[in-house]
Peer 1: 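Please read through the structure below; I'll follow up with questions.
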2 protein chains.
Amino acid sequence: MCAEADRQTGRSWTDVAEAAFRRNGQRMTQPRKAVMGVLAVASQPLKAEEIRRRAGLAETDLVTVYRNLEALREHNLLQGIVLEDGVQLFEAVRPDRHFHHIVCRRCHRAEPLEICTGHELEERAAALGFTNVSHVIEVFGLCRKCHAGRDSGQWGGAS
Amino acid sequence: MCAEADRQTGRSWTDVAEAAFRRNGQRMTQPRKAVMGVLAVASQPLKAEEIRRRAGLAETDLVTVYRNLEALREHNLLQGIVLEDGVQLFEAVRPDRHFHHIVCRRCHRAEPLEICTGHELEERAAALGFTNVSHVIEVFGLCRKCHAGRDSGQWGGAS
DNA sequence: TTTCCTGCAAAATGTTTGCAAGGCA
DNA sequence: TGCCTTGCAAACATTTTGCAGGAAA
């Protein structure tokens with residue numbers, strides 16, 4: 001799919017995304033460019049609100065941000081993760097990278113964990129008759145900075 | 001059934017939960033008993049609304065259900081999973097069982113996947129300086145019944 | 001009779017939808 | 001000039017909070 005082009009042509013994620021939009025007769029507006037710019041350089045998954053902030057779109061409605069995120073997702077250029085409390089974070093999809101994150105449950109800072117153990121689970125799921133299988137693997141914890149003074153939490157322990 | 005019994009004492013999850021409440025000076029009310037009864041026999045994680053329905057608490061406010069779920073969680077007797085769309089499902093915690101689920105993204109039916117590959121990830125996270133580490137691993141797909149006529153979905157594929 | 005629990009109302013959050021006006025191509 | 005996008009308002013679903021009255025122990 002479109003994201004594959006990246007590996008073959010060496011084009012940046014932004015270029016690939018822009019091409020996908022144009023191919024579909026969709027337009028490159030200022031808010032869309034700004035959102036893409038943020039996602040292109042983000043080193044971690046971000047909340048919609050944070051994307052707007054980094055994009056310098058304080059004047060822009062959050063609705064517009066969501067609509068652009070949704071548009072990117074439809075082109076398979078964006079993926080989301082859901083935190084323990086239901087909040088969504090978004091990040092650019094790059095074909096040459098698949099990994100999961102350790103996310104600080106206090107400050108939401110994320111670091112990549114460059115291993116993926118999902119295939120076993122997916123195989124098992126397929127054996128149970130499930131199709132269109134995907135997996136979510138996220139690890140939560142407290143980063144060093146946030147470690148000070150906090151109880152173990154209701155989700156802790158059950159690993 | 002035997003699987004419900006606490007490994008050491010032979011007490012059922014319900015008994016353990018009731019003891020935990022009484023130990024804390026908390027009371028066994030009718031809504032609380034009903035919620036616990038549902039969780040004790042549920043074979044899969046359930047939404048708050050579904051718990052109320054199964055508990056026969058149509059007259060009871062959902063707020064009460066949430067408060068009881070929260071109370072159970074504080075005793076480490078309940079755990080939740082978050083679906084791709086942010087909705088929470090709840091299930092009883094049993095000390096002798098740790099596994100993840102394959103959840104149908106249409107009908108929310110879940111089946112256990114009796115393997116857990118989270119420890120590697122947690123070790124890695126700990127090495128990065130994170131504490132209080134826990135993990136969320138969920139696999140989503142379409143069960144056989146729901147497989148008919150449905151597009152691949154915005155989250156699909158990116159395994 | 002204490003104080004925990006419930007119901008009701010309302011708020012908080014995060015996200016989506018409808019519609020008319022605005023602006024890329 | 002088309003019609004894709006935006007802004008605004010409002011709807012939405014889920015979950016949380018405040019407060020007064022009701023009920024376990």
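Everything quoted here is computed from the prediction, not taken from an experiment. To find a chain, count down the sequence lines: A is the first, B the second, and so on, and within it residues start at 1.
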Peer 1: Would one find a side-chain N or O of B:Arg22 under 4.0 angstrom from OP1 or OP2 of D:dA25?
Peer 2: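 Yes, B:Arg22 has a side-chain N/O under 4.0 Å of OP1/OP2 on D:dA25.
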Peer 1: Would you check, one step at a time, whether the test salt bridge (charged side-chain N to carboxylate O under 4.0 Å, His left out) holds for B:Arg67 with B:Glu70?
Peer 2: CA-CA 5 Å; B:Arg67 282 195 272 229; B:Glu70 181 56 28; over 6 Å; no
Peer 1: Take the protein atom CG of B:Asp85 and the nucleotide atom P of C:dT16, then report the distance between them rounded to whole Å.
Peer 2: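 These atoms are roughly 10 Å apart.
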Peer 1: Please state how far atom CG in A:Asn68 lies from atom P in C:dT15, giving the value in whole angstrom units.
Peer 2: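 My rounded result for the distance is 15 Å.
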Peer 1: According to a strict under-4.0 Å criterion, is A:Asn24 in side-chain N/O contact with OP1 or OP2 of D:dC4?
Peer 2: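 The answer is no; no side-chain N or O of A:Asn24 sits under 4.0 Å from OP1 or OP2.
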Peer 1: Do the non-hydrogen side-chain atoms of A:Val103 and A:Val139 ever get within less than 4.5 Å of each other?
Peer 2: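 A:Val103 does not reach A:Val139 side chain to side chain.
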Peer 1: Starting from the C-alpha separation in whole Å, work towards a yes-or-no answer on ring pair (Phe, Tyr, Trp, His ring centres under 6.0 Å) for A:His100 and B:His135.
Peer 2: CA-CA 11 Å; A:His100 302 283; B:His135 67 266; over 10 Å; no
Peer 1: For the pair made of CZ in B:Arg23 and P in D:dA25, what is the distance, rounded to whole Å?
Peer 2: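 Taking atom P of D:dA25 as the reference, CZ of B:Arg23 is at 16 Å.
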Peer 1: Starting the side chain at C-beta, find the nucleotide from D:dT6, D:dG7, C:dG7 nearest to B:Thr60.
Peer 2: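 The nucleotide sitting nearest to the side chain is C:dG7.
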Peer 1: List the steps and the verdict of salt bridge (charged side-chain N to carboxylate O under 4.0 Å, His left out) for A:Glu49 and A:Arg53.
Peer 2: CA-CA 6 Å; A:Glu49 173 66 55; A:Arg53 198 185 64 70; over 6 Å; no
Peer 1: Tell me the interatomic distance from A:Leu69, atom CG, to C:dT17, atom C1', rounded to whole angstroms.
Peer 2: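 Going from A:Leu69 (CG) to C:dT17 (C1'), I get 17 Å.
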Peer 1: Are the side chains of B:Arg52 and B:Leu62 in contact, using a 4.5 Å heavy-atom criterion?
Peer 2: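 Counting from C-beta outward, B:Leu62 and B:Arg52 do come under 4.5 Å.
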Peer 1: State which residues pass ring-ring contact (aromatic ring centres under 6.0 Å, His included) with A:Phe21; sequence neighbours excluded, sorted by chain then number.
Peer 2: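 For A:Phe21 the ring-ring contact (aromatic ring centres under 6.0 Å, His included) partners, ignoring immediate neighbours, are A:His75.
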Peer 1: Can you give each donor-acceptor pair under 3.5 Å made by side-chain atoms of residues 124-131 of chain A, sequence neighbours left out, with the distance rounded to 0.1 Å?
Peer 2:
from	atom 1	to	atom 2	distance (Å)
A:Thr131	OG1	B:Leu142	O	3.4
A:Thr131	OG1	B:His147	ND1	2.8

Peer 1: Please pick, from D:dC4, D:dG7, C:dG7, the nucleotide with the shortest atom-to-atom distance to any side-chain atom of A:Gln26.
Peer 2: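 Looking only at heavy atoms from C-beta outward on A:Gln26, the closest nucleotide is D:dC4.
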Peer 1: Between C:dT17 atom C1' and A:Glu70 atom CD, what is the distance in whole Å?
Peer 2: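 Taking atom C1' of C:dT17 as the reference, CD of A:Glu70 is at 13 Å.
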Peer 1: Rounded off to whole Å, could you give me the CG-to-C1' distance for the A:Asp61 and D:dT5 pair?
Peer 2: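 Taking atom C1' of D:dT5 as the reference, CG of A:Asp61 is at 12 Å.
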Peer 1: Expressed as a whole number of angstroms, how long is the span from B:Phe21:CZ to C:dC5:C1'?
Peer 2: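 After rounding, the gap between these two atoms is 11 Å.
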Peer 1: Could you check B:Thr29 against B:Glu49 and say which one's nearest nucleotide on DNA chain D is further toward the 5' end?
Peer 2: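 This one resolves to B:Glu49.
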Peer 1: Per the end-axis method with five pairs at each terminus, what is the bend angle of the helix from C:dT1-D:dA25 to C:dA25-D:dT1, to 10°?
Peer 2: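 For the helix from C:dT1-D:dA25 to C:dA25-D:dT1, the axes at either end differ by 30°.
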Peer 1: Can you tell me if B:Thr64 touches the phosphate of C:dG7, counting only side-chain N or O atoms and a distance under 4.0 Å to OP1 or OP2?
Peer 2: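 For C:dG7, OP1 or OP2 has a side-chain N or O of B:Thr64 closer than 4.0 Å.
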Peer 1: Just the table, please: protein N/O against nucleotides 18-22 of chain D N/O, every pair under 3.5 Å.
Peer 2:
from	atom 1	to	atom 2	distance (Å)
D:dG18	O6	B:Arg67	NH1	3.4

Peer 1: Rounded to the nearest angstrom, tell me the gap between atom CZ in A:Phe90 and atom P in C:dG14.
Peer 2: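 About 11 Å, once rounded to whole Å.
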Peer 1: How about B:Leu69 and B:Leu39: do any of their side-chain heavy atoms sit closer than 4.5 Å?
Peer 2: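 Yes - at least one pair of side-chain heavy atoms lies under 4.5 Å apart.
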Peer 1: I'd like to check B:Phe90 versus B:Ile51 (side-chain heavy atoms, cut-off strictly below 4.5 Å). Are they in contact?
Peer 2: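 Yes, side chains in contact.
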Peer 1: Can you tabulate the close N/O pairs, meaning under 3.5 Å, that link protein atoms to atoms of nucleotides 11-14 of chain D?
Peer 2:
from	atom 1	to	atom 2	distance (Å)
D:dT14	OP1	B:Lys47	NZ	2.8

Peer 1: How would you list all residue pairs meeting salt bridge (Lys or Arg N to Asp or Glu O under 4.0 Å) that involve residues 54-65 of chain A, not counting sequence neighbours?
Peer 2: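 Checked against salt bridge (Lys or Arg N to Asp or Glu O under 4.0 Å) - neighbours excluded - the pairs reaching residues 54-65 of chain A are A:Glu50-A:Arg54.
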Peer 1: Do B:Leu77 and B:Trp13 make a side-chain contact, defined as non-hydrogen atoms from C-beta onward lying under 4.5 Å apart?
Peer 2: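 Yes, side chains in contact.
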Peer 1: Using the side-chain contact (heavy atoms from CB on, under 4.5 Å) definition, which of the options B:Gln79, B:Lys47, B:Gln44 pairs with B:Leu89?
Peer 2: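 The option that passes is B:Lys47.
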